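I have placed the structure first, in the form of C-alpha cells, so that the comments after it can refer back to it.
Every chain is numbered from 1 and lettered A, B, ... according to where its sequence line falls, protein lines coming before strand lines. Nothing here was measured: the structure is a model prediction, and the numbers come from that model. Note: hydrogens, waters and symmetry copies are ignored here, and every other heavy atom, side chains too, is used.
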Amino acid sequence: MNDNGKPILQMNNIHIEGYSDERWHPIINGVDLELKRGQVLGLIGESGAGKSTLGLAAMGFARSGCRFTQGQVIFDGVNLLTLKESQRRKLWGTRIAYVAQSAAAAFNPAHRLIEQTIESASRAQIRSEAESRKDAIDLYGSLHLPDPERIGERYPHQVSGGQLQRVMTAMAMSSRPDLIIFDEPTTALDVTTQVEVLAAMREIVDQYNTAAIYITHDLSVVAQMADEIKVLRYGSEVEQAETRTMLHSPKEQYTQSLWSVRSLEKPESRSDDIVLSLKDIDAGYGKTPVLHGINIDLPRGKTVAVVGESGSGKSTAARVVTGLLPQTNGTVMFNGKPLPSALKDRTPDQLQRIQMIYQMADTAMNPRQTVEKIISRPLEFFHNLTGREKEKRLLELLSMIELDESFLDRLPAELSGGQKQRICIARALAAEPDVIICDEVTSALDQIVQEGILKLLLRLQDEFGISYLFITHDIATVRAISDEIVVMYQGKVVEQGLKSQILSPPHPEYTELLLSSVPEMDPDWLTNLLADRGV
Amino acid sequence: MHPVLVTIVKRLLLGLVTLFVVSAIIFSSISLLPGDFGEAVLGQAATEDTVAAFREELGLDKPAVTRYFDWVKEVAKGNLGTSFSGRSASGQDRSRSVAGMIAPRLKNTLFLAGITALIAVPLALLLGLTAALYRNSWYDRAVNVTTLTTISMPEFFVAYVLILLLSSLWSVFPSLATVDAGMALGERLNRIALPAITLTLVIVAHMMRMTRAAIINLLASPYIEMARLKGASRSEIILKHALPNAWAPIATVVAFNLAYLVVGVVVVEVVFVYPGIGQLMVDSVSSRDIPVVQACALIFAATYILLNLIADVIGIVTNPRLLHPR
C-alpha cells in the first residue's frame, strides 16, 4: 500500500482492435491507466468488457488477431509499443510477469513445475540456476504450498488446481518483477481454495512491494486485493476510485447495478409436501463410489439449493435423479412413488415431469437447430402438439422467458449467453415439468445477466409452482433463490435445512469453512478472516 | 511393476495376437490364388502322377486347416519351411530353405530402408519444425509446395527423372543398384544413392507436414501464450514448449513411413534392379512359391506391428500423465 513515488506503468489513450468477420472491431477505446510502484489496481467488468485485453496490453502484448491502433504503454520510462519484439521479450517474465486464469492450461504438461518456475529467471541470468531453484523453494514455502522442497519436482497434472495457481504466482515472482498482471487467477477455484490463494498472493505482493493489475469479474475478490478499482464496460472506462469509496459510493449507474446484483434475496418459506426425495442413495462411476447414502427432500413449489465444492457429488446426484446414472443403492421417490433407476424404464409421464437445465447452454443445444425447433421438440414429444396449437404454445413460452417471436428463426450462435440460457429454460418449461434440476445454470454468466435469469426462475416458480433442485457453488446465488439448502462434502450430505438455519451459526465444521470462505464486499473481510482462522 | 511397463507388455501381447490373426488372413488369401500349385511349380509337362506325388510330399493334399496349423507351429519354432522352387518334374530336388532365400534380400531391404530413414527422418523433422517456426512465410510455402510435388508424382517417375539427371546427364551415381554380399560399405552406399534419394523424396512430405501440423496445433494452447509472456523466443517456444508435447503424432507418422520403406518399395527395387525382399515376394507370387510368399507377408506384417508398437511406446513415454501418474 504505497501511494507515493513515480508511476511504474502509464498507459495513455490505448486503442486496440480485434479482427473477426473479415473486419477490424474496436475492443479498447481510449483507456488511460496509471500504476505506482507497489500499487494494486483492480480491473473489473463483464465478459467482453476488454479486461484481459487491457491487462495484456500493459505488457505491450496483443493476442494474435488483435492490434494496437493508438496509444502508449510506458513502463519505467520506456514506451513498450515502440520497442522491437525482441526487446519487449526481455522484459516479459523478468520485469513484467503474467498470472493466467486457468493454471491447469497455462502450465506446459511436459515439464516439471520447478523448471517452469525458474525458466524466465534462468534465461535472463538473474542468478545462477542453483540459486534460482533454492529461491523457488523459498517462494513455494512463503506461498504455503505443501512440501515446498519437493513439490517443484512434480508435473502439472500431479498437483491440485489451487496449488498450481500458487506455483504460477511463484513463477511470476521468481524474477522479482516490478509489475504482475493477475488475469482472473482464482475464477476456476472453489471458494475454500480461493481464500488460501488470495491470501498467499496478497502477502507476497505486499512483501516485495510489487505493483499489480488484478483482473476479475468478482467484486468481493477485487475488494480484498486492490488499492483502487477501475470499472470497464464495452472497452471504455466507466469510473475509477479508491477501493472503499468505490464499494460504498459508486458514482455511475452501471457500477451501482453491478453492485446491486448481490442484494437479490428470496424470502424463504417451508412446505411439508415433498415432490421429490432421494433416500439413502449410493452411486458412482465404474468402481469409484461418489455418493454415499445421501438423503435430499425437495418440497413442492420450493427451491432446494445443493452447495459444495467441485467433486462433492452435486452433479452426480442430479444425474441419479434424471436416470442418466442409475444408483447402486437406495430409491428416488417422486410424487410418493419410487422412480425406476434406469432412464429406459421410466414412463414418458415420468420423463416429462423432471427436466434439466445445464451450466453450458452452448453445448446443451444443437447448434444447427433453430430456436423454434429446439423448443418444439418437447411439445411434439410429450404433448403431441402440431400446427396452430404448437405455434400458439411456442409464442406463450417465448413470452414467459421474456423474448419475442423474432427469436424463433435464430440459431444458438446468434444468441447471447443469457438468451441461450433462457431458451434452455423455455425448452424445460415446454414439457410442463413438476421439477427442474438446474446444474450451475448461472455460473457461466455475467452478474447482471445472472440476476435476470434468477428473477425469471423465481417468477416462473411463482406462476407455475415448479420445484427447483438448484446445484451451485455460489453462495450469493443460494441466497437469491433458495428456500432450503443442502450442503454436500465428499459425496455425503453434511446437512439440509431452511436457508435461515443453514446460513446462521452454529454450523457443522465443513459448512462453517464453506460459508466463511465466501468473499464479502468488505475490503477487510480477508484480513479479518485470516485473523479469525489464526493464520 | 511400473504402469508404463505393464502397458508395453500388454501392447506386445496384443501385437502377437494381431500377428496371429494376420497369419490366418495371409494363409487363407493365398489359398484363394487361382491354379494348382503342383502344376504351376512343376510345369505343364508333368504327368498327373508326378503332380500327385508332389502334392503329397508337400502336404498339399491335407485339409487347409491342418496345413495352416502345421505352418504356424513350424514358424513358431523358427522354421519358415522349404521353398517350392528348385524342384522339377523329373523329381530332382534342389530346393532351398525359405530362411536362406529371404535372409540376404531382407538384409538389403533393411540396409536401404535404414539409410533412407537416416536421411529422411531428420530432414522431415527439420523442415517441419522450421516450417512451423516461419509459418505462412515464403519459406513455409516453398517447403510445402516442393514436398507436395514430390509426393504427388509416382515413384517410378521420380526414379526415372533422377536416373536421367544424376546418372545419364551428369553421371554422379550409378543407375543400377545391384549389390552383393562382398561389397565394401562405400561402394554399397554409392550404389544405393539413387533409390535412397527417390524414397526420401517420396516419404519426406508426409512426415514433414505432420510435424508442422502437430506443432502448429499446439501453438494455440494457453501454455504457449504463457511461454511467450515469460519471454521465450520463437525457437524456444517451438523446441522447448511445443515439440515435447508433439512427439506422439510425429512418432506415429514416422513409424508409418518407415514401415512403408520395408514393405512398399517394390517399384523402386524394380526400377533400380535392387535385390530386395519386395522383388523376391513378387517373383514368388508368380511362381506360386507359397512358403516364400507366406514368409514375406508375415515379415511385412510383423514390421508394421513392431513399428506401430514403438510409436505407441514413444507416445506413452513422452506423455508425463502416463509416465508419472498422480
For the pair [X] and [Y], find out whether any cationic side-chain nitrogen is under 4.0 Å from an anionic carboxylate oxygen.
X: B:Arg11; Y: B:Asp312; answer: yes
X: A:Glu115; Y: A:Arg133; answer: yes
X: B:Asp140; Y: B:Arg212; answer: yes

### Query
Do you know which of B:Met226, B:Lys230, B:His241 has the most heavy-atom pairs with chain A at a distance under 4.5 angstrom?
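Option with the top pair count is B:Lys230.
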### Option in B:Asn245, B:Leu229, B:Leu323 with maximal non-hydrogen atom pairs under 4.5 Å from chain A
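The candidate making the most pairs under 4.5 Å is B:Leu229.
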### Query
Between A:Arg89, A:Lys90, A:Met171, A:Arg88, which has the largest tally of heavy atom pairs under 4.5 Å with chain B?
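Of the options given, most contacts go to A:Arg89.
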### Query
Most heavy-atom pairs under 4.5 angstrom with chain B, which of A:Ser120, A:Pro109, A:Ala100?
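Result: the option with the highest number of such pairs is A:Pro109.
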### Interchain contact, B:Ala227 with chain A, by part (heavy-atom threshold 4.5 Å)
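No part of it gets close to chain A.
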### Task
Name the region of B:Thr318, side chain, backbone, both or neither, that has any atom closer than 4.5 Å to a heavy atom of chain A.
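B:Thr318 has no heavy atom closer than 4.5 Å to chain A.
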Please classify the contact between [X] and chain B as side chain, backbone, both or neither, with a heavy-atom cut-off of under 4.5 Å.
X: A:Arg154; result: neither
X: A:Ala106; result: both
X: A:Ile181; result: neither
X: A:Glu85; result: side chain
X: A:Phe107; result: backbone

### Task
Flag yes if more than 12 heavy atoms outside A:Arg67 fall under 6.0 Å of its CZ atom; otherwise flag no.
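Yes, CZ of A:Arg67 has more than 12 neighbouring heavy atoms, counting only those of other groups under 6.0 Å.
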### More than 12 heavy atoms from other groups under 6.0 Å of OH on A:Tyr208
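More than 12 within 6.0 Å, yes.
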### Query
For the ring pair A:Tyr98 and A:Trp92, is the centre-to-centre distance below 6.0 Å?
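That pair fails the under 6.0 Å test.
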### Message
To check you understand the geometry: which heavy-atom pair defines the closest contact between B:Ala255 and B:Leu307, and what is its length?
### Response
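Reported closest heavy-atom pair: CB-O, 3.4 Å.
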### Query
If every non-hydrogen atom of A:Ser174 is compared with every non-hydrogen atom of A:Arg127, which pair is closest and at what distance?
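So the minimum-distance heavy-atom pair works out to O-NH2, 2.6 Å.
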